[in-house]
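Model, not experiment: these values are computed from the prediction.
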Amino acid sequence: MANFYTEHPELRFHLNNPLMERICELKERSYRDKDEFDYAPLDYADAIDSYDKVLEITGELAGDIVAPNAEGVDEEGPHHANGRVQYASGTQQNLDAMVKAGLNGMTMPRRFGGLNFPITPYTMCAEIVAQADAGFGNIWSLQDCIETLYEFGNEDQHSRFIPRICAGETMSMDLTEPDAGSDLQSVMLKATFDEENNCWRLNGVKRFITNGDANLHLVLARSEEGTHDGRGLSMFIYDKNDGGVDVRRIENKLGIHGSPTCELVYKNAKAELCGDRKLGLIKYVMALMNGARLGIAAQSVGLSQAAYNEGLAYAKDRKQFGKAIIEFPAVYDMLATMKAKLDAGRALLYQTARYVDIYKALDDIARERKLTPEERKEQKMYAKLADSLTPLAKGMNSEYANQNAYDCIQIHGGSGFMMEYACQRIYRDARITSIYEGTTQLQTVAAIRYVTNGSYAATLHDYELVPCAPEFEPLLNRIKDMTRKFEACTNAVKDSQNQELLDFVARRLYEMAAVNVMSHLLLQDATKAPELFAKSLQVYVNYAESEVEKHFNFIRKFQAEGLDSYRK
């Protein structure tokens with residue numbers, strides 16, 4: 001009996017972070033639901049115990065049902081007939097098990113049938129499910145689209161749609177089109193108001209839609225005739241029960257085979273406005289994408305864990321030249337680096353999730369009453385921290401998932417190239433993580449303003465004031481030196497006043513900021529739990545130091561005129 005939660009004590013460590021007490025207080029409104037719902041927690045300890053039990057159930061389902069189904073789902077994939085999608089048989093079994101266990105609508109209020117969980121334990125569940133099968137993770141975790149409907153929909157929409165998701169129905173976000181991928185301002189799916197029937201009608205095509213035959217869709221469409229930019233776009237809710245949308249085809253993908261990626265044709269489909277007109281891209285999709293990016297970061301960490309597990313198990317079992325290959329430095333170096341990236345990336349993921357939890361809870365409270373000046377200050381601080389860390393968490397964890405999957409295959413040698421080993425599926429599944437919900441290049445674009453305005457440097461200086469164990473003081477000093485090199489590079493590029501140069505080296509500055517942040521977070525974790533993180537801390541700081549030095553040398557020696565060598 002496998003359990004993907006209890007097997008990884010690092011998850012319980014992050015669940016018990018001191019910041020969770022404030023998160024629970026805000027999310028539970030000082031535990032007011034205990035008088036109305038018998039399953040609502042009485043206090044902080046009861047809340048953490050509830051999260052722990054649900055995570056254990058999720059880990060058991062992931063280990064005993066989802067993971068054993070993963071290879072069959074990967075081979076079978078979803079089916080397309082008569083404009084509809086039918087999941088692979090294993091996928092349907094997975095969904096049925098999750099619904100039966102009550103693992104839907106986890107973050108939604110109890111009055112709608114949800115569990116009222118914070119985002120942090122929900123994100124842990126998403127990581128666990130992705131470790132078992134990243135493709136199924138896409139279907140199950142898209143339930144968090146309901147967060148956007150809850151945040152921007154009206155009370156009537158809440159009462160009609162949220163209970164359905166809590167009961168197990170699925171969701172999708174329909175954003176991209178054949179001519180509008182990363183450039184969502186170019187979306188042209190047309191929304192027109194039907195005066196006679198008092199509803200909106202959608203016409204056009206959407207492409208690359210994950211779980212595209214879902215029950216409920218959040219759709220980005222052009223509501224303002226004659227516009228060609230983001231100001232003409234609105235967000236709509238489409239209910240599959242109303243008809244009008246057909247699946248033209250399921251894409252034939254490299255990986256995540258269990259997740260149907262669809263091309264959809266909207267033919268006068270009935271829909272309703274979510275929120276206000278003209279704010280679809282400017283406000284609502286940005287919120288939707290931030291949640292999705294945290295989800296992909298969780299999926300990436302799950303894949304990194306799966307890759308590390310497969311590599312470690314094979315290295316212990318495989319013998320060459322009379323001993324297990326894990327005893328060879330070339331192999332244990334790879335495994336140690338994989339584990340260090342996993343631990344560092346996970347630390348960043350859950351630090352980001354906790355920041356998101358606090359500002360989102362305060363946002364929700366603000367819809368009930370006016371925030372106090374102290375609460376407004378807290379909300380603003382954590383919103384800024386969440387916005388700055390989200391592109392780091394998504395971008396770096398997706399890159400680490402790809403690197404760990406690559407190294408997992410390398411450890412397997414020739415066997416890793418064979419289809420009967422799980423590492424090839426993990427490798428194929430990981431590849432999309434650095435592409436969808438914003439490529440790593442777009443995460444760099446989102447993050448670079450926090451480089452140039454000094455936000456990352458300020459965060460790093462705050463982290464330098466956090467006490468660490470005496471034995472880790474030398475590592476802290478090395479991290480401080482890495483930060484000084486990051487600041488020196490940032491200042492040199494800013495002083496050049498060359499926008500093209502800034503764009504050219506942005507990825508390097510982004511990575512320098514990220515590895516510095518992760519080094520500090522891992523240092524904090526190792527101080528609290530050296531038995532879990534001390535080894536990874538040493539390995540990761542060695543790795544991060546070499547990455548910073550590489551980028552420092554490149555930027556320090558690079559002259560603006562050197563761009564000519566790179567232009568084609």
- [ ] To the nearest 0.5 angstrom, please state how far the CD1 atom of Ile162 sits from the NE2 atom of His158.
- [x] 4.5 Å
Task: Atom pair CD1 (Ile435) and OG (Ser398), whose distance is rounded to the nearest 0.5 Å - done: 9.5 Å
- [ ] Answer yes if the side chains of Asn290 and Thr390 hold a donor-acceptor pair under 3.5 Å, and no otherwise.
- [x] no
Would you be so kind as to tabulate the donor-acceptor pairs closer than 3.5 Å made by side chains of residues 521-534, with sequence neighbours excluded?
residue: Thr527; atom: OG1; partner: Ala469; partner atom: N; Å: 3.2
residue: Thr527; atom: OG1; partner: Leu523; partner atom: O; Å: 3.0

Open item on the list: Give me the atom names and distance for the closest heavy-atom approach of Pro260 to Tyr87.
Closed with: CG-CE2, 3.9 Å
TODO: Would you name the heavy atoms of Gly135 and Ser259 that are closest together and state the gap between them?
DONE: O-CB, 3.4 Å
Task: Pair Asp156 + Arg160, salt bridge at N-O below 4.0 Å - done: yes
Open item on the list: Whether the Gln351 and Tyr355 side chains hold a donor-acceptor pair (N or O, under 3.5 Å, no angle test) is what I'd like checked.
Closed with: yes
Open item on the list: Between Gln305 and Asn309, do the side chains contain a donor N or O and an acceptor N or O under 3.5 Å apart?
Closed with: yes
Open item on the list: Does this structure show an ion pair linking Lys240 with Glu169, if we count only N-O contacts that are shorter than 4.0 Å?
Closed with: no
TODO: For Asp239 and Arg164, run salt bridge (Lys or Arg N to Asp or Glu O under 4.0 Å): C-alpha distance rounded to whole Å, both residues' side-chain angles, the deciding distance at 0.1 Å, then the answer.
DONE: CA-CA 11 Å; Asp239 184 347; Arg164 289 171 55 183; 2.8 Å; yes
Task: Reported SG-to-CZ distance for the pair Cys24 and Arg29, which is rounded to 0.5 angstrom - done: 12.5 Å
Task: Those residues that, when tested against Asp246, pass salt bridge (charged side-chain N to carboxylate O under 4.0 Å, His left out) (two or more places apart) - done: Arg84
TODO: May I ask you to decide if His217's main-chain N or O and Asp174's side chain share a donor-acceptor pair within less than 3.5 Å?
DONE: no
Open item on the list: Just checking Glu75: does its CD atom have more than 12 heavy atoms from other residues, nucleotides or ligands closer to it than 6.0 angstrom?
Closed with: no
- [ ] Taking salt bridge (charged side-chain N to carboxylate O under 4.0 Å, His left out) as the test, write out the residues that go with Arg12, two or more places apart.
- [x] Asp52
TODO: Sequence neighbours left out, what passes side-chain hydrogen bond (donor to acceptor under 3.5 Å, both in side chains) with Thr210? Give chain and number order.
DONE: none
Open item on the list: Glu437 vs Lys394, test: salt bridge (Lys or Arg N to Asp or Glu O under 4.0 Å). Steps then yes/no.
Closed with: CA-CA 9 Å; Glu437 312 310 341; Lys394 195 280 183 183; over 6 Å; no
Task: Within-4.5 Å side-chain heavy-atom neighbours: Thr261 and Asn138 - done: no
Let me have the donor-acceptor pairs involving side chains of residues 94-116, under 3.5 Å, with sequence neighbours excluded, atom names and distances please.
residue: Asn94; atom: OD1; partner: Asn69; partner atom: ND2; Å: 2.9
residue: Asn94; atom: ND2; partner: Gly90; partner atom: O; Å: 3.3
residue: Asp96; atom: OD1; partner: Gln92; partner atom: NE2; Å: 3.0
residue: Thr107; atom: OG1; partner: Glu147; partner atom: OE2; Å: 2.4
residue: Arg110; atom: NH1; partner: Glu28; partner atom: OE1; Å: 3.0
residue: Arg110; atom: NH1; partner: Asp33; partner atom: OD2; Å: 3.0
residue: Arg110; atom: NH2; partner: Glu28; partner atom: OE2; Å: 2.8
residue: Asn116; atom: ND2; partner: Lys27; partner atom: O; Å: 3.3
residue: Asn116; atom: ND2; partner: Glu28; partner atom: OE2; Å: 3.4

Task: Charged N-O contact under 4.0 Å between Glu10 and Lys339 - done: yes
- [ ] Count the heavy atoms belonging to other residues, nucleotides or ligands that lie under 6.0 Å from CG of Asn82, then report whether that count exceeds 12.
- [x] no
Open item on the list: Once salt bridge (charged side-chain N to carboxylate O under 4.0 Å, His left out) is applied, do any residues pair with Glu60, and if so which ones, sequence neighbours excluded?
Closed with: none
Open item on the list: Rounded to the nearest 0.5 Å, what separates atom CD in Glu56 from atom OH in Tyr5?
Closed with: 7.5 Å
